[in-house]
Amino acid sequence: MNDRRNVVVNKPWGFEYLVYENSDVAVWLLFIRAEQQTSMHCHPQKTTGLLLLKGTAELSFLADSKLIFAPEKQMIRRGLFHATKAKSPEGAFLFEIETPNDKADLIRLTDRYGRVNDGYESSKYEVPKTDECLWISEPELCEMVNHSVEDFHFTVETTNTLDFLDRKHDLDIVMFLRGGIGKTIEGRRHLATIPGDVGRVEIIKKVASEMEFVEDPTVILTVSV
């Protein structure tokens, strides 16, 4: 696997770069220029969580499409063909969390830029990151760190207790970077949320009300409404 932690990958529709990774997930920041779009593509092995940070975007699938407005999230199962188009004049910024971390897991069905039979962009499309580029480091246990990117603010925290949800608004969006919440059934620990899951706090609270533990440590990213 290529080490892309220090580069920006230029795309015909904008750019993307890695902002966080561990053994389970990779998180990328995407910028899509106005009226530009990704290919209609799928990931045969990966689950993808999209979190629109800024702007308006159109998510298209083979059967339908829908507009989403920041901040909004979408979970995309493995094998589901999808494309993302920026509809706002200033373009759109998104977080994309991939599980597992494998940029080669890609099949394009259609592409307005002629990349249908190409794999992920090679190193010739990479340029060094600048000091303005975001990188997320895991906080210490029970620590919360504030981050900003493109005038958008979010937090990252490390926890091992369920009370982290008490500090959040029901409409906030949580992305699990490590760990999760779960319960023990017949002597076996089961996680109800896993790295790569993205959800509204109001839903996660309903799940958490029936759970018994938080994996130690659990790292979460929160976008507040």
Side-chain angles (χ1 to χ4, degrees), residues 16 18-22 24-32 47-59 66-77 82 84 86-88 90-99 134-183 191-225:
E16 66 181 20
L18 186 68
V19 300
Y20 172 89
E21 69 176 345
N22 60 37
D24 296 314
V25 303
V27 182
W28 293 74
L29 178 70
L30 283 64
F31 172 67
I32 305 175
T47 297
T48 303
L50 293 179
L51 176 48
L52 181 62
L53 298 172
K54 187 176 181 180
T56 303
E58 180 181 49
L59 290 180
K66 65 178 183 179
L67 282 178
I68 60 173
F69 306 88
E72 184 58 275
K73 60 91 178 175
Q74 178 75 39
M75 290 299 300
I76 298 174
R77 63 168 173 80
H82 62 283
T84 307
K87 299 299 293 182
S88 42
E90 69 277 16
F93 284 90
L94 305 94
F95 276 150
E96 180 180 75
I97 185 167
E98 302 174 331
T99 314
L134 172 70
W135 180 257
I136 298 171
S137 298
E138 292 187 6
E140 297 296 325
L141 185 63
C142 300
E143 180 185 12
M144 178 183 292
V145 177
N146 296 307
H147 291 274
S148 297
V149 61
E150 298 299 330
D151 300 322
F152 197 89
H153 307 286
F154 63 95
T155 62
V156 178
E157 62 190 294
T158 302
T159 185
N160 58 4
T161 62
L162 282 171
D163 61 7
F164 76 92
L165 289 168
D166 297 338
R167 302 186 296 271
K168 303 188 185 303
H169 188 279
D170 281 354
L171 296 181
D172 289 349
I173 301 173
V174 165
M175 176 182 288
F176 285 85
L177 304 182
R178 187 187 297 277
I181 60 178
K183 66 191 304 184
L191 287 178
T193 66
I194 62 173
D197 284 347
V198 184
R200 292 279 180 186
V201 167
E202 61 181 333
I203 301 302
I204 297 172
K205 283 180 177 178
K206 291 179 181 179
V207 174
S209 67
E210 298 298 326
M211 297 299 109
E212 300 171 350
F213 65 85
V214 174
E215 194 79 350
D216 188 7
T218 288
V219 181
I220 59 168
L221 181 155
T222 304
V223 172
S224 298
V225 297

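This one's a predicted model, so the numbers in the text were calculated from it and none came from an experiment.
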Non-hydrogen side-chain atoms of [X] and [Y] separated by less than 4.5 Å:
{"X": "His82", "Y": "Leu59", "value": "no"}
{"X": "Trp135", "Y": "Leu18", "value": "yes"}
{"X": "Leu50", "Y": "Ile68", "value": "no"}
{"X": "Thr161", "Y": "Val214", "value": "no"}
{"X": "Glu138", "Y": "Asn22", "value": "yes"}
{"X": "Phe213", "Y": "Ile181", "value": "no"}
{"X": "Ser224", "Y": "His169", "value": "no"}
{"X": "Asn160", "Y": "Leu141", "value": "yes"}

At what distance, to the nearest 0.5 angstrom, does [atom1] of [X] lie from [atom2] of [Y]?
{"X": "Glu16", "Y": "Phe31", "atom1": "CD", "atom2": "CZ", "value": "13.0 Å"}
{"X": "Ile97", "Y": "Asp24", "atom1": "CD1", "atom2": "CG", "value": "9.5 Å"}
{"X": "Phe176", "Y": "Leu191", "atom1": "CZ", "atom2": "CG", "value": "9.5 Å"}
{"X": "Thr56", "Y": "Glu72", "atom1": "OG1", "atom2": "CD", "value": "11.0 Å"}
{"X": "Ile220", "Y": "Leu165", "atom1": "CD1", "atom2": "CG", "value": "6.5 Å"}
{"X": "Leu51", "Y": "Leu30", "atom1": "CG", "atom2": "CG", "value": "11.5 Å"}

Can you name the nearest heavy-atom pair linking [X] to [Y], along with the distance?
{"X": "Glu98", "Y": "Glu96", "answer": "OE2-OE1, 2.9 Å"}
{"X": "Pro71", "Y": "Phe152", "answer": "CB-CZ, 4.3 Å"}
{"X": "Leu52", "Y": "Ala92", "answer": "CD1-CB, 4.0 Å"}
{"X": "Gly196", "Y": "Val25", "answer": "N-CG1, 3.7 Å"}
{"X": "Asp151", "Y": "Lys54", "answer": "OD2-NZ, 4.2 Å"}
{"X": "Thr158", "Y": "Pro139", "answer": "OG1-O, 2.8 Å"}

| Under 3.5 Å: donor-acceptor pair, side chain of Thr222, backbone of Thr155 |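 Looks like no, no N/O pair under 3.5 Å.
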
| request: Before giving the answer on side chain to side chain contact (heavy atoms under 4.5 Å, CB included), spell out for His153 and Asn146 the whole-Å C-alpha distance, their side-chain angles and the decisive distance to 0.1 Å. | output: CA-CA 7 Å; His153 307 286; Asn146 296 307; over 6 Å; no

| task | Under the side chain to side chain contact (heavy atoms under 4.5 Å, CB included) rule, what do Val174 and Asp197 come out as? Steps first, then yes or no, please. | result | CA-CA 8 Å; Val174 165; Asp197 284 347; over 6 Å; no

| Less than 4.0 Å between a side-chain N and a carboxylate O, is that true for Lys168 and Glu202? |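 No, no charged N to carboxylate O under 4.0 Å.
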
| query | Are Arg167 and Glu157 ion-paired here, with the side-chain N under 4.0 Å from a carboxylate O? | reply |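 Looking at Arg167 and Glu157, the cut-off is met.
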
| Once the angle between the rings of His147 and Phe154 is folded into 0 to 90°, is it parallel (under 30°), tilted (30 to 60°) or perpendicular (over 60°)? |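 His147 vs Phe154 ring planes: parallel.
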
| Intermediate values then yes/no, side chain to side chain contact (heavy atoms under 4.5 Å, CB included), Val145 and Ile136 | CA-CA 9 Å; Val145 177; Ile136 298 171; over 6 Å; no

| message | My understanding is that only one of Asp170, Asp166, Asp172, Asp163 makes a salt bridge (Lys or Arg N to Asp or Glu O under 4.0 Å) with Lys205; could you say which? | response |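 Only one of Asp170, Asp166, Asp172, Asp163 forms a salt bridge (Lys or Arg N to Asp or Glu O under 4.0 Å) with Lys205, namely Asp170.
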
| task | Please assess Phe95 against Ile173 for the test side chain to side chain contact (heavy atoms under 4.5 Å, CB included), listing each intermediate value before the final yes or no. | result | CA-CA 12 Å; Phe95 276 150; Ile173 301 173; over 6 Å; no

